[in-house]
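To start, the structure under review is shown below, and the notes come after it.
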Amino acid sequence: MAPRRLAAPVPGAALLLLPLLLVAASAGLSGYFGTKSRYEEVNPHLVRDPLSLGPAAAGSRLPAACAPLQLRAVLRHGTRYPTTGQIRRLGELHARLLRRPAAAAACPAAADLAAWRMWYEESLDGRLAPQGRRDMEYLARRLAARFPALFAARRRLVLASSSKHRCLQSGAAFRSGLGPSLSLDSDEEEVEVNDSLMRFFDHCAKFVALVEENDTAMCQVNAFKEGPEMRKVLEKVASALCLPVEDINADLVQVAFLTCSYELAIKNVTSPWCSLFSEEDAKVLEYLNDLKQYWKRGYGYDINSRSSCILFQDIFQHLDKAVEESKSSKPISSPLIIQVGHAETLQPLLALMGFFKDDEPLKANNYIRQTHRKFRSGRIVPYAANLVFVLYHCDQVKTSKEEFQVQMLLNEKPMLFHHSNETTSTYADLKDYYKDILENCHFKEECELPKVNITAIDEL
Ligand SMILES: *[C@@H]1O[C@H](CO)[C@@H](O)[C@H](O)[C@H]1NC(C)=O
Ligand SMILES: *[C@@H]1O[C@H](CO)[C@@H](O)[C@H](O)[C@H]1NC(C)=O
Ligand SMILES: *[C@@H]1O[C@H](CO)[C@@H](O)[C@H](O)[C@H]1NC(C)=O
Ligand SMILES: *[C@@H]1O[C@H](CO)[C@@H](O)[C@H](O)[C@H]1NC(C)=O
Ligand SMILES: *[C@@H]1O[C@H](CO)[C@@H](O)[C@H](O)[C@H]1NC(C)=O
């Protein structure tokens, strides 16, 4: 059957303009890549100088009489390759375009994509890309520059990671970024694997049953895929590729958009896949990505954030311990705790703490109303995203500040505490604000599945 042509043939002259258009396209799209965003998207000054501490550096300094006691960083791994599933879907989409030489002649976009070399191999399966190594090395160097006293030679560093290869590699890259002068005792070279902390979502039976393995849990995401906004994007992409719109679906369009983001993050190039999308399309696809994050990792279901209680409790236990040690004039046993996990590790923790919460839930039918939403995962958890807790001890003779102060930095920018709208809080006030979570949120109870009444089921 002859392909149905939805687009008029483009005059040859327009092809010459294509490279220029592509560069412009990528510049416009890269802000909408969601969890596949480059770290530079949230810190543009790093494009010029990856070691620059940026404009926020001077902003929120504590008085000189406050010295950092402990730094805890929860990191997302650096830039990674697509997963096997994504690579397979991309291979299928690409193969389909290769099979249509006749259509390609009339469709420059399809011809460009057919000429594009499919270089991703399934074995790359979500591994850390060379760029991801650099993300981590530079991040380590910037953190060390920001907190020189904590990263001083021979300070004890605890480095823990999820068991995923990309996280272990990120941990190793972070450590190598600290350089020989900051190297650690040889018996602490190993990255310690701790999935109960860094992949708590896999271990939370209630989350797995209610959300992960529950098809209806993602109903808003699925409804948006079938909704009018996505329909428009699908029609445009189908027309650009000279494919009948019935031949593509939201998942294939998402793979094409993902590829545009991967090529930029991994290879720093604007791929022809980007030319399929306008900025308006990118906003729709960003929303689709955010919807999934919202319902699977964010405020959509309580269990998403409650499953991170184990990490939340662990953070405060170590802060408590450092406070106790400081009070009794002991050396701080864990001045530096670096933990490498996933976007799925950070997003629930931030939700548990109440950050980036919109007044209304993100839904399939409120795309327009959510234009200015806080919950934009590309701004929150790009590659190499990092949430840093810094505990300070302040000398009260020299300052009116309370003895123990805390700051939180997300992606190296100080966060405003909800209880004060300030970037610094006393440790006591912070604990008071999160009192309910500290007292009542415990992984075991939160994640237990409700007891099944076997008698009742038998009777059905
Ligand atoms: C992981 O961390 C938790 C909380 O700190 C701890 O209880 C557990 O023993 C650790 N597991 C491993 C394997 O180190
Ligand atoms: C699946 O999710 C839906 C929507 O939240 C919920 O009503 C239902 O109880 C869940 N099913 C299971 C088995 O948890
Ligand atoms: C990425 O590409 C841009 C534009 O071609 C260039 O200015 C920049 O230096 C490149 N960045 C890296 C890290 O190679
Ligand atoms: C923080 O600022 C926001 C916006 O200005 C305001 O709505 C909120 O009430 C403030 N919170 C506190 C604790 O001052
Ligand atoms: C289980 O279900 C049966 C029948 O509905 C009911 O009579 C019984 O009290 C339930 N048992 C428990 C422990 O909830």
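Worth knowing before you read on, the calculation uses all heavy atoms, side chains too, and leaves out hydrogens, waters and symmetry mates. Ligands are counted one by one from 1 in listed order, and the atoms in each one are counted from 1 as well.
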Go through E403 and C394 one step at a time and tell me if the side chain to side chain contact (heavy atoms under 4.5 Å, CB included) criterion holds. CA-CA 5 Å; E403 207 173 4; C394 300; 5.9 Å; no
Looking at K296 and E212, is any side-chain nitrogen of the basic one under 4.0 Å from a carboxylate oxygen of the acidic one?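 Looking at K296 together with E212, the answer is yes, because their closest N to O distance falls below 4.0 Å.
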Sequence neighbours excluded, the answer for salt bridge (charged side-chain N to carboxylate O under 4.0 Å, His left out) partners of R80 is none
Row check, W119 ring normal vs K267 NZ/CZ: under 6.0 Å, within 45°: yes
Residues around ligand 4, heavy atom under 4.0 Å from any ligand atom, sorted by chain and number. Can you pull those? H418, H419, N421
Just one of C260, S377, P382 clears the side chain to side chain contact (heavy atoms under 4.5 Å, CB included) bar with F33, so which one?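 Going through the options one by one, the only one that passes is C260.
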Relative to the heavy atoms of T216, which atoms of ligand 2 are at a distance of less than 4.0 Å?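 Ligand 2 atoms under the 4.0 Å threshold to T216: 1 (C), 2 (O), 3 (C).
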With heavy-atom distances below 4.0 Å as the criterion, list the atoms of ligand 2 near L210.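 Every atom of ligand 2 under 4.0 Å from some heavy atom of L210: 1 (C), 2 (O), 14 (O).
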One residue to check: A209. Relative to ligand 2, which of side chain, backbone, both or neither has a non-hydrogen atom less than 4.0 Å away?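 Within the 4.0 Å criterion, A209 contacts ligand 2 through backbone atoms alone.
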Compute whether any side-chain donor of one residue and acceptor of the other, for E41 and Y383, lie under 3.5 angstrom apart.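 Checked: E41/Y383 side chains show no N/O donor-acceptor pair below 3.5 Å.
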Count the heavy atoms of every other residue, nucleotide or ligand shown that sit under 6.0 Å from CG of D49, and state whether that count exceeds 12. yes
Atoms of ligand 3 close to N268 [distance to a heavy atom under 4.0 angstrom, numbered from 1]: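 The atoms of ligand 3 under 4.0 Å from a heavy atom of N268 are 1 (C), 2 (O), 3 (C), 8 (C), 10 (C), 11 (N), 12 (C), 14 (O).
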Give a yes or no on whether the ring-centroid distance for Y433 and F417 is below 6.0 angstrom.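 Y433 vs F417: aromatic centres not under 6.0 Å.
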